[in-house]
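Below is one structure, written out as structure tokens, with a few remarks after it.
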Amino acid sequence: MTDQTNELIKKAASQLLNSKHAIALTGAGISTESGIPDFRGPEGVWTKNPGAEERAYKAYEKFMENPKSWWEETLTGPEDPLKEWRKAQPNPGHFALAEMEKMGLLKHTITQNIDGLHEKAGTQNLYEYHGSTFKFRCISCHRRYQLEEYNLEQMLANNQLPPRCKSCGDPIKSDIVFFGEPIPADVAQSSEMEAEKCDLMLICGTSAVVYPFAGLPQIARFGVSSQLFGFLQPKQQGSDVIIIEINAEPTPLTKDGISDYLICGKTGDILPRIVNAIKN
Ligand code: NAD
């Protein structure tokens, strides 16, 4: 670890201690140290299983056209490649963010990840922007359900598919946000409000290219994202939000000067060091 990295870790710790409303944004990079691959790397889910990628692109349209046949095909088709992810365990990066929350320094974590690892690590104030592989969600009222609340095999055998929401009766789908599916309004609005409100944003392990999530740092910096417009008021010029990236490589946020600085390295290494620096 270079002297410069050590200095940046101390700086981030001191800025977190002085913040009033710090939040974290996380992406697939924070989970690679838990053995969860990205999608398109050499060991990626879709590199190894191109059929899954094709199905993923068509899934939302097919579901909305006919939820019953979507569920039937899903339950009788090839095994879900994400099933393995449910066995993964959090790594020191996830635990460090949960600890920062317990210390009262981190108010919310907003993740793009669908792997449930922040929840397993103990983070409580969590928005799962792209949903979770551990949950179902109603397409109308957004009520979430744990997987064990529905016996899908039995429903298939009894010709009772699709599973329906216990509140409003509309079909439920996987909570994972499919390609082409809007981000559920509750999560999208709460995340935008948090980005608008924060005075420190810690961005961990994301390439920051998938929108609208990648627009959240722009909202923190400018009050609006280049791709998200709505109820947010533009921030005053010179707003003093601090945006810190922890990533294995520079991202568009680094290159475009949206973030103040990048701590280059592994989240499982840097985040626990920030926690230590906060304590000392
Ligand atoms: P990404 O794969 O586009 O970018 C990950 C970034 O993290 C890269 O810049 C990479 O260099 C960096 N990185 C990798 N390992 C790291 C580590 N140990 N420490 C620090 N940095 C590290 O991921 P993304 O930006 O989250 O976008 C991918 C999309 O795919 C998201 O929408 C997400 O929902 C989905 N996805 C989720 C998971 C998951 O749930 N774990 C995994 C793969 C993809």
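Remember, it's 1-based here, ligands and their atoms both numbered in the order they're listed.
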* Asked: Distance only, no hydrogens: is a donor on one side chain within 3.5 Å (strictly under) of an acceptor on the other, for His94 and Gln89?
  -> no

* To do: List, ordered by chain and residue number, the protein residues whose closest non-hydrogen atom lies under 4.0 Å from any atom of ligand 1.
  => Gly27, Ala28, Gly29, Ser31, Thr32, Glu33, Ile36, Pro37, Asp38, Phe39, Trp85, Gln112, Asn113, Ile114, Asp115, His130, Gly205, Thr206, Ser207, Ala208, Val210, Asn247, Ala248, Glu249, Gly265, Lys266, Thr267

* Is it true that Lys68 and Glu72 make a salt bridge, defined as a side-chain N closer than 4.0 Å to a carboxylate O? ->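 Result for this pair is yes, salt bridge flagged.
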
* Presence of salt bridge, Lys87 and Asp115, under 4.0 angstrom -> no

* Asked: Looking at Phe136, does the NZ or CZ of Lys173 lie under 6.0 angstrom from its six-membered ring centre and within 45 degrees of the ring axis?
  ->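 Cation-pi check for Lys173 and Phe136: fails.
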
For a quick test of your reading: what N or O donor-acceptor pairs under 3.5 Å do the side chains of residues 95-104 make, sequence neighbours left out?
residue: Glu99; atom: OE2; partner: Lys279; partner atom: NZ; Å: 2.6
residue: Glu101; atom: OE1; partner: Gln124; partner atom: N; Å: 2.8
residue: Glu101; atom: OE2; partner: Gln124; partner atom: N; Å: 3.3
residue: Glu101; atom: OE2; partner: Asn125; partner atom: N; Å: 3.0

* For the residue pair Phe213 and His130, does the interplanar ring angle fall in the parallel (under 30°), tilted (30 to 60°) or perpendicular (over 60°) class? -> tilted

